[in-house]
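Data first, discussion second: the structure below is written as structure tokens.
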There are 2 protein chains.
Amino acid sequence: MQIGKIARATGTKVNTVRYYEEIGLLKPAPRSQSGRRIYADADVERLVFIRRARGLGFSVSEVRSLLEVSDAPNRDCKDAANLARNHLRRVEEQIEQLQAMRQELIGLARACDGGTATDCGIIGGLARKSA
Amino acid sequence: MQIGKIARATGTKVNTVRYYEEIGLLKPAPRSQSGRRIYADADVERLVFIRRARGLGFSVSEVRSLLEVSDAPNRDCKDAANLARNHLRRVEEQIEQLQAMRQELIGLARACDGGTATDCGIIGGLARKSA
DNA sequence: CCTTGATCCTCCAGTAACTGGAGATTGTAA
DNA sequence: TTACAATCTCCAGTTACTGGAGGATCAAGG
Ligand SMILES: [Zn+2]
Ligand SMILES: [Zn+2]
Ligand SMILES: [Zn+2]
Ligand SMILES: [Zn+2]
């Protein structure tokens, strides 16, 4: 299949597929006579793996590591497991940070009764160092 | 005061202060004879405002808008209020997305009993299209 | 007076992960 | 034939800084 089809099949943009090849997440695809990339079903699976990992927030570099494990069937999976655990922890930290922001933003929003900028609790609240 | 002091006073890196000037969040600071930037107390306040807004996740462009309101004391604050409300909504969306990731990551991690990559629930789980 | 070390200056390149576009081919169908 | 879709290869732009090179300037100590 050509690039457009694998892109559609995996919910990836054509440009992004080419980009993944460029950075080495996908091996350089064999080309047709006229130079078009040709993909096989295994490539779809690999791309699904990549997209899914990216969708879970793994960085490209993390995806690279996960693929390495996936590519070596006999390898101990503990590297992947550690990676996933660490990533989970970072996701949880992000959640906490966003929840803190959320609380402060709710407080700010409550401090606004309308009116002019001078009297606005949002503007005023931002001007103060701490919440 | 010079740039190092305002940076320290606001928890900003010197380079970042210059960057804010470059992109117009801070007005070009007047210079000393030898060309060094000189700041006044009002600049500290402005920088605190910027840093606080950035800390709450507002984009630079949003901060610019907030500053515009703040700079026009008689202006109705509704633009700022809308901005804050919309931003709050986006933060909440991000939280939800991260919580969904978290759930999937927890599921993935549970699916790993150790062993080889072939049998690993993490690798296997990533290969499948849906969770 | 001179030297040191801390600050400051101006560029400029790099980061993450794509995204979109220009300009040129190629493939296909009416 | 003519049109239109899909593909190709560059390459620039996005966000919000961060760090560094190479070169002035300043204050303090000797
Ligand atoms: Zn991660
Ligand atoms: Zn208000
Ligand atoms: Zn926002
Ligand atoms: Zn495992």
Side-chain angles (χ1 to χ4, degrees), chain A residues 1-26 28-40 43 46-67 83 87 90-91 94 97-98 101, chain B residues 1-26 28-40 43 46-67 83 87 90-91 94 97-98 101:
Chain A
M1 85 194 71
Q2 296 192 12
I3 198 169
K5 191 167 177 195
I6 198 180
R8 254 170 284 127
T10 58
T12 314
K13 301 198 174 175
V14 167
N15 277 341
T16 303
V17 179
R18 287 196 277 252
Y19 172 71
Y20 286 159
E21 177 178 310
E22 187 184 318
I23 64 173
L25 288 190
L26 298 174
R31 303 300 185 101
S32 76
Q33 203 112 31
S34 66
R36 299 188 172 195
R37 291 173 179 81
I38 306 295
Y39 296 94
D43 298 317
R46 191 180 183 80
L47 191 43
V48 165
F49 185 104
I50 294 168
R51 293 304 285 176
R52 182 141 165 65
R54 291 285 303 120
L56 290 175
F58 288 103
S59 70
V60 162
S61 138
E62 287 169 334
V63 174
R64 213 185 295 274
S65 302
L66 291 170
L67 283 170
L83 218 160
H87 181 63
R90 254 166 292 139
V91 166
Q94 282 184 59
Q97 213 191 336
L98 283 169
M101 284 184 192
Chain B
M1 88 195 69
Q2 296 192 13
I3 199 169
K5 190 166 177 196
I6 198 179
R8 254 169 283 129
T10 59
T12 313
K13 300 199 174 175
V14 167
N15 276 341
T16 303
V17 178
R18 287 195 277 250
Y19 173 71
Y20 286 159
E21 177 179 309
E22 188 185 318
I23 64 173
L25 289 189
L26 298 174
R31 304 298 185 103
S32 75
Q33 203 112 31
S34 66
R36 299 188 171 195
R37 291 173 179 82
I38 305 296
Y39 296 94
D43 298 317
R46 191 180 183 82
L47 191 43
V48 165
F49 185 104
I50 294 169
R51 295 303 285 177
R52 181 141 167 65
R54 292 284 303 121
L56 291 174
F58 288 103
S59 70
V60 163
S61 138
E62 286 169 335
V63 174
R64 214 186 293 276
S65 301
L66 291 170
L67 284 169
L83 218 158
H87 181 63
R90 255 166 289 141
V91 166
Q94 282 184 59
Q97 213 189 337
L98 284 169
M101 284 184 193

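Note that the structure is predicted; figures quoted are calculated from it, not measured. Letters A, B, ... mirror the listed sequences (proteins, then strands); counts begin at 1.
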*asked:* Rounded to whole Å, how long is the line connecting atom CD1 of B:Ile23 with atom C1' of D:dT15?
replied: 10 Å

*Atom CD of B:Gln33 and atom P of C:dC9: how far apart are they, to the nearest Å?*
15 Å

*Taking only N and O in the side chain of B:Arg37, is any of them less than 4.0 Å away from OP1 or OP2 of D:dT25?*
no

*Is B:Ile3 touching bases, backbone alone, or none of the nucleic acid, heavy atoms closer than 4.0 Å?*
sugar-phosphate

_End-to-end axis angle, where each axis spans five pairs of the helix from C:dC1-D:dG30 to C:dA30-D:dT1, to 10°_ = 20°

*Quickly work out the B:Ile38 CD1 to D:dT25 P distance and round it to whole Å.*
14 Å

*asked:* Protein within reach of the bases, or only the backbone? For nucleotides 14-26 of chain C, mark each nucleotide 5' to 3' as B, S or -, using heavy atoms under 4.0 Å.
replied: ---BBSB-----B

_salt bridge (Lys or Arg N to Asp or Glu O under 4.0 Å) contacts touching residues 54-64 of chain B (sequence neighbours left out)_ = B:Glu62-B:Arg90

*Any side-chain heavy-atom pair from B:Tyr39 and B:Leu47 closer than 4.5 angstrom?*
no

*Residues two or more places apart in sequence or in another chain: which of them pass salt bridge (charged side-chain N to carboxylate O under 4.0 Å, His left out) with A:Arg51?*
none

_Can you confirm whether B:Ile50 sits close enough to B:Leu67 that some side-chain heavy atom of one is under 4.5 Å from a side-chain heavy atom of the other?_
yes

*How close or far is atom C1' of C:dT7 from atom CE of B:Met1, stated in whole angstroms?*
16 Å

*Minimum heavy-atom separation for B:Ile38 to B:Arg31, with atom names?*
CG1-C, 4.1 Å

*Sequence neighbours left out, what passes side chain to side chain contact (heavy atoms under 4.5 Å, CB included) with B:Ser34? Give chain and number order.*
B:Ser32, B:Arg36

*Nearest-Å distance, NZ (A:Lys5) to P (D:dA5)?*
20 Å

*Sequence neighbours left out, what passes side chain to side chain donor-acceptor pair (under 3.5 Å) with B:Gln97? Give chain and number order.*
none

*Non-hydrogen atoms of A:Arg37 and A:Ala29 that approach each other most closely*: CB-CB, 3.8 Å

*Would you say a side-chain N or O of B:Gln2 is under 4.0 Å from OP1 or OP2 of C:dT7?*
no

